[in-house]
Every structure is written in structure tokens, then in C-alpha cells.
Amino acid sequence: MEGSGFIIVCLAFITVSSNAQTPVPSRPSGYTYQHSLNPKVVVEVFYDHLCDGSAANFPVLLQVLNAYVDKDVSGIIHIFPLPYHHNAFFMQWAGTTVRLASSAKFINYTAAVFQNQDIFLTQAVNMTELQVKNTIAQFVETNVGIPADVILEGFQDTTLYYASVYDWKYAASRTITGTPQFIVNGVVVPDAQGYNFAQWKTFLDGLLGAKVPFHHNFNN
């Protein structure tokens with residue numbers, strides 16, 4: 001398999017990283033969407049801005065979370081840039097800057113990137129790092145409304161750089177190895193990445209309606 005050696009090395013690195021001490025963030029990692037003060041269900045998703053699977057999954061996630069407003073469901077979006085998606089870390093770094101400048105615009109930023117991934121993949125193959133950063137900054141200004149200078153300043157900010165690195169380390173510490181991946185109430189749910197809205201509704205309604213702490217199919 002082409003590139004399999006590289007992937008094995010990357011997965012080995014993730015394993016080593018997950019065994020090392022992960023820096024403790026000053027606040028919980030991730031972007032909380034549809035926050036509930038006392039949620040019964042917490043849906044965490046790990047996306048890569050340049051992953052086509054993440055882009056395909058994103059509209060379904062928003063549809064689900066919007067349908068469960070005020071229904072004790074919270075969603076948390078984590079960004080986990082995969083090493084084989086070139087420029088993915090720069091996209092995360094820019095996203096960290098967007099969240100600092102205007103947290104409410106992070107969803108708009110994520111949606112815009114998902115809809116225009118090719119700009120930062122195929123079209124950026126021959127770009128230098130500086131050209132990529134300038135392209136991202138101009139893209140954010142045009143599509144999100146945050147001035148390009150703010151994003152470029154963010155690329156010079158080591159605090160924001162390490163915030164992005166620590167988000168990656170956090171995901172690795174939770175044994176995340178790809179995107180999209182879901183954790184619901186602390187438990188990895190591998191099938192969730194393929195759920196449509198109806199499947200999510202069945203799953204979440206079962207959890208919300210459970211009278212005991214565990215919603216379990218005892219036939220399995």
C-alpha cells in the first residue's frame with residue numbers, strides 16, 4: 001500500500017504522544033456548540049479541516065445539534081489535523097486565531113473551509129509556507145469577515161501556536177487516530193461517523209429516555 005510506512009510511523013508517533021504527559025489546558029479543549037448547563041448527553045467530534053470525510057459529516061452534525069437545542073445535549077468540536085493532510089495544521093492554527101478574535105465565527109470558518117478544501121490541498125501543492133499562510137488569511141477575511149492582518153499576526157503568535165499543538169496532543173491522548181471520530185458521554189462510538197439524521201435521532205432519544213445510566217442493547 002502506497003504510503004503505508006509513513007502512516008505506520010505517524011500512528012506510532014500518536015501512540016507515543018498519547019502515553020506522554022499531555023499539557024493540562026486552562027479550560028476544556030474544543031469548541032462547544034449548543035451548550036447545555038447540565039447536559040445528559042455530550043457529543044464530541046474530532047474533525048480535520050482538510051478531511052473530506054469531516055466535510056461530509058459536518059452538515060449532519062449541525063442538523064442534529066440544532067434539532068436538540070434545549071434538550072440536554074451539548075456538542076463539542078475538536079480539530080485534529082492529520083499529518084498526511086498537508087496544511088491542515090495551518091488551518092487549525094488559523095482557526096484558533098478565529099476563535100480568539102470572535103468565537104461565534106468559528107462555525108462559519110469551519111463551514112467555509114470544508115466547502116473550499118481544494119484551495120488548501122491541490123491548489124496549494126506548489127505554494128511556500130508564507131504563500132499558504134497569506135492565502136489562508138485572505139480567505140478568512142473574504143469568507144469570515146476577520147481581517148487578514150489578524151490571522152497573519154496569529155501565525156506569529158507562539159501562544160496560539162502552542163494552543164493548537166496542545167489541542168492535537170489532547171486528541172492523541174484520547175486515542176484519536178483519524179477523522180471524523182465521535183465520543184459520546186466519554187465512550188468512543190465508531191459507527192457514529194456514518195450516522196444520518198434519523199440514526200442520530202434514534203441513538204440520542206434512546207440515551208435521553210433511558211431511566212438507568214446505561215442505554216444498552218442486552219441482545220449483544
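Sequence positions, counted from 1, serve as the residue numbers for this chain.
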ask   = Taking only residues two or more places apart in sequence or in another chain, which ones pass side-chain hydrogen bond (donor to acceptor under 3.5 Å, both in side chains) with Asn108?
value = none

task = Spell out, yes or no, whether Phe182 and Ile76 are grouped together once hydrophobic residues are joined by side-chain heavy atoms under 4.5 Å, including indirect joins.
result = no

key: Cluster link Val42 to Tyr195, ILVMFWY, side chain under 4.5 Å   = no

Between [X] and [Y], which heavy-atom pair has the shortest distance, and what is it?
| X | Y | answer |
| --- | --- | --- |
| Gln131 | Thr128 | OE1-N, 2.8 Å |
| Pro180 | Gly53 | CD-C, 3.8 Å |
| Leu152 | Asn134 | CD2-OD1, 3.4 Å |
| Val64 | Leu204 | CG1-CD1, 3.6 Å |
| Met127 | Gln123 | CE-O, 3.7 Å |
| Gln117 | His49 | NE2-O, 3.0 Å |

query = Looking at side-chain heavy atoms only, is the closest gap between Ile107 and Leu62 below 4.5 Å?
reply = yes

task = State whether the number of non-hydrogen atoms from other residues, nucleotides or ligands found under 6.0 Å of Phe197 atom CZ is greater than 12.
result = yes

query = More than 12 foreign heavy atoms under 6.0 Å from CG of Asp70: is that the case here?
reply = no

Side-chain ([X]) to main-chain ([Y]) donor-acceptor, under 3.5 angstrom:
| X | Y | answer |
| --- | --- | --- |
| Glu153 | Val150 | no |
| Asn143 | Ala111 | no |
| Asp48 | Leu82 | yes |
| Asp118 | Leu121 | no |
| Arg99 | Gly30 | yes |

Working to the nearest 0.5 angstrom, can you tell me the gap between [X] [atom1] and [Y] [atom2]?
| X | Y | atom1 | atom2 | answer |
| --- | --- | --- | --- | --- |
| Asp72 | Leu207 | CG | CG | 12.0 Å |
| Ile176 | Glu44 | CD1 | CD | 8.5 Å |
| Asn57 | Asp52 | CG | CG | 11.5 Å |

key: Phe80 and Trp168 aromatic ring geometry - parallel, tilted or perpendicular at 30°/60° bounds   = parallel

message = Once you measure the plane-to-plane angle for Tyr170 and Phe46, does it fall in the parallel (<30°), tilted (30-60°) or perpendicular (>60°) bin?
response = parallel

key: Among Ile146, Val140, Ile151, side chain to side chain contact (heavy atoms under 4.5 Å, CB included) partner for Thr97   = Ile151

inquiry  = side-chain contact (heavy atoms from CB on, under 4.5 Å), that's the test. Do Ile136 and Asn87 meet it? Break it down for me.
reply    = CA-CA 10 Å; Ile136 294 171; Asn87 298 324; 5.7 Å; no

key: Option passing ring-ring contact (aromatic ring centres under 6.0 Å, His included) with Tyr161 (candidates Tyr166, Phe89, Phe90)   = Phe89

key: Of Tyr109, Phe106, Tyr47, the residue whose pairing with Tyr31 passes ring-ring contact (aromatic ring centres under 6.0 Å, His included)   = Phe106

request  = Carefully, step by step, assess Tyr33 and Asn66 under the rule side-chain contact (heavy atoms from CB on, under 4.5 Å).
outcome  = CA-CA 9 Å; Tyr33 185 80; Asn66 288 333; 2.8 Å; yes

task = Sorted by first residue and then second, give each ring pair (Phe, Tyr, Trp, His ring centres under 6.0 Å) pair with at least one member in residues 119-138; sequence neighbours left out.
result = Phe120-Phe139

Worked check of side-chain contact (heavy atoms from CB on, under 4.5 Å) between Ile77 and Thr110 = CA-CA 10 Å; Ile77 299 172; Thr110 299; 5.7 Å; no

ask   = Should Ser29 and Asp167 be marked as a side chain to side chain donor-acceptor pair (under 3.5 Å) after you check the CA-CA gap, both sets of side-chain angles, and the distance that decides it?
value = CA-CA 6 Å; Ser29 183; Asp167 279 345; 3.0 Å; yes

inquiry  = I'd like to know whether Val43 forms a side-chain contact (heavy atoms from CB on, under 4.5 Å) with Tyr68, so could you lay out the CA-CA distance, the side-chain angles of the two residues, the decisive distance to 0.1 Å, and finally the verdict.
reply    = CA-CA 11 Å; Val43 177; Tyr68 281 82; over 6 Å; no

